[in-house]
Amino acid sequence: MPVRIRIYGQEATFSQGCWACADDSLQAMLEALADPRALSAEQELAHAWYAAGRFGGLVATEQGWEVAPHPEAEIRLADFAPAQQPERAGWLSFLRKRR
C-alpha cells in the first residue's frame, strides 16, 4: 500500500521501494534515502515516517496529516571524541603539539 508524505508543500508517494513525486528536486532528495528492502506495508510506513522526519514533513494517516518526528542522530560526537580527553580527538590530532 503506497504511503503519502508532504514535504515543502509537495506530495510524494512511497511504494515498493521507490518514491514518486512531481517535483524533481524533492524526488532526488527522497531517492537518496530510499530503502529498496521496504516491501511490506509496515516497512513502507516506517520508511516514510523516517524520510518525512528527516526533512520536517507530514505523513498521511487515517486521522489526517501528522507531523513526523525528527529521527535520532546517526553520528554522535562521542563516536569520534574520547570521553577522557576530548581535546585530543579529531582526524588532525597528530598535528597538535605534544606536552
Q: Looking only at non-hydrogen atoms, find the nearest pair between A12 and L30 and report the distance.
A: CB-CD1, 3.5 Å
(Q) Could you measure the distance from the CG atom of L26 to the CG atom of D24? Nearest 0.5 Å is fine. (A) 10.0 Å
Q. Would you say the side chain of I5 lies within less than 4.5 Å of the side chain of T13, judging by non-hydrogen atoms?
A. no
Q.
Suppose we screen for side-chain hydrogen bond (donor to acceptor under 3.5 Å, both in side chains). Which residues come up paired with E31, at least two apart in sequence or across chains?
A. none
Q) Q63: what forms a side-chain contact (heavy atoms from CB on, under 4.5 Å) with it, not counting sequence neighbours? A) T61, E66
Q) How would you list, by chain and number, every residue that makes a salt bridge (charged side-chain N to carboxylate O under 4.0 Å, His left out) with D23, sequence neighbours excluded? A) none
Q: State, yes or no, whether a side-chain contact exists between R4 and W65 at a heavy-atom distance under 4.5 Å.
A: yes
(Q) For W49, give me all partners under ring pair (Phe, Tyr, Trp, His ring centres under 6.0 Å), at least two apart in sequence or on another chain. (A) none
Q. Checking Q27 side chain against A22 main chain: does a donor-acceptor pair fall under 3.5 Å?
A. no
(Q) As an exercise, state the distance from SG of C21 to CD of Q10, rounded to the nearest 0.5 Å. (A) 5.5 Å
(Q) If you compare all heavy atoms of V59 against all heavy atoms of A48, which two are closest, and at what distance to 0.1 Å? (A) CG2-O, 4.1 Å
Q. Which pairs with one or both residues in residues 9-35 pass ring-ring contact (aromatic ring centres under 6.0 Å, His included), sequence neighbours excluded?
A. F14-W19, F14-H47, W19-H47
Q: Could you list all the salt bridge (charged side-chain N to carboxylate O under 4.0 Å, His left out) pairs where at least one residue sits in residues 50-59, not counting sequence neighbours?
A: R54-E74
